[in-house]
Amino acid sequence: MMRNPFKYFKTSPEIIRLTVMMYVRFPLSLRNVEDLLHERGIDITHETVRFWWNRFGPLFAKSIRKRRVENRFYSNWAWHLDEVFVRINGELHYLWRAVDHEGEVLEAYVTKRRDRKAALKFLRKAMKRYGRPEAIVTDKLPSYKAAMREIGNKDCQETGRWLNNRAENSHQPLRRREKVMSRFRSMRSLQKFAAFQSSIHNHFNLERHFYRREEFKENRSAALAEWRQLAA
DNA sequence: CGATCCTATCGGAAGACACT
DNA sequence: AGTGTCTTCCGATAGGATCG
């Protein structure tokens with residue numbers, strides 16, 4: 001039996017949800033969020049914002065993901081894989097991403113190296129959660145080929161930079177955040193952030209197809225209404 | 001009521017960046 | 001080089017929420 005996640009909290013779930021959404025969805029610093037809330041008469045410190053997103057981020061992400069997996073808002077027809085450099089305290093790390101062909105971010109994973117072992121771990125993690133895709137699109141990094149040989153689905157790999165824009169586009173929000181934060185401090189917080197941000201991106205990503213304004217507004221309201229139910 | 005949990009906060013640390 | 005201003009991170013703890 002799961003206990004009430006808001007137990008002992010002195011602030012209402014509504015405000016906590018709003019705060020967490022502001023911080024993760026938009027490129028704002030902890031203090032930016034503090035000041036924005038202050039403008040609305042809500043008095044908390046930036047440390048509280050940090051505390052809340054660390055506590056509730058994984059929780060919200062989990063329930064968004066669960067819902068999407070159950071309703072299959074993703075497609076495993078083709079996955080696009082990509083990795084991007086992220087500097088943590090001066091050291092290079094790699095953030096791997098799997099994106100489906102509609103732009104849904106499936107998995108985000110941080111590693112220290114960019115070798116076969118890392119690619120393998122990442123692929124296994126994604127497939128455990130979503131099953132096997134029919135096609136996998138990657139860039140030319142040899143680690144993918146090696147990893148896929150080991151898994152046994154080498155045949156469905158396609159390579160090509162232009163094919164892989166889908167995955168590369170999804171790194172943009174992270175880059176913006178990175179700039180605001182002046183780099184991430186620890187692997188743990190990057191992993192947490194990337195995973196959570198992917199979930200939120202999927203949840204609020206309303207322009208996967210071209211909507212008319214009315215449809216867009218309906219969809220946005222629906223997304224917000226669902227958000228307000230999280231962990232309720 | 002007192003005991004116990006644990007949120008929310010505080011002050012300081014350390015790093016990145018821009019500027020002089 | 002130093003200074004100022006921004007960022008997140010961390011250990012300690014006051015005091016509010018909850019339970020028996």
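Keep in mind that the numbers below use all heavy atoms, side chains included, and drop hydrogens, waters and symmetry copies. Everything numeric in this text was worked out from a predicted model, so none of it was measured. Residue numbers begin at 1 in each chain, while the letters A, B, ... track the order of the sequences.
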Gap between atoms CZ and C1', on A:Arg177 and C:dT7 respectively (whole Å): 11 Å
For atom CE of A:Met187 and atom P of C:dT8, their distance in whole Å: 20 Å
Nucleotide of B:dA8, C:dC9, C:dT18 approaching A:Tyr8 most closely (side-chain heavy atoms): C:dT18
Whole Å only: how far is the CZ atom of A:Arg87 from the P atom of B:dG15? 15 Å
Answer yes or no: is there an ion pair linking A:Glu34 with A:Arg31, defined by an N-O contact shorter than 4.0 Å? no
By nearest atom, which of the nucleotides C:dT18, C:dC9, B:dC10 is closest to the A:Thr45 side chain? B:dC10
Under the ring-ring contact (aromatic ring centres under 6.0 Å, His included) test, which residues partner A:Phe6, sequence neighbours left out? A:Phe56
Please determine, for the side chain of A:Phe9, which listed nucleotide (B:dA8, C:dT7, C:dT18) has the closest atom? B:dA8
Separation of A:Met181 atom CE from C:dC9 atom P, in whole Å? 5 Å
I want to verify a distance call: between C:dC9, C:dT7, B:dC5, whose nearest atom is closest to the A:Ser29 side chain? C:dT7
Base C:dT8 paired with A:Arg31 side chain (donor-acceptor, <3.5 Å): yes
Can you give me the closest heavy-atom contact between A:Val180 and A:Leu28, atom names plus distance? CG1-C, 3.9 Å
Tell me whether the rings of A:Phe60 and A:Phe196 are parallel (<30°), tilted (30 to 60°) or perpendicular (>60°). tilted
Side chain of A:Arg55, heavy atoms from C-beta onward: which of B:dT7, C:dC10, B:dA14 has the nearest atom to it? B:dT7
Which nucleotide in the set B:dC5, B:dA8, C:dC9 lies at the smallest distance from any side-chain heavy atom of A:Phe51? B:dA8
From C-beta outward on A:Lys10, which listed nucleotide comes closest to its side chain: C:dC19, B:dA8, C:dT8? B:dA8
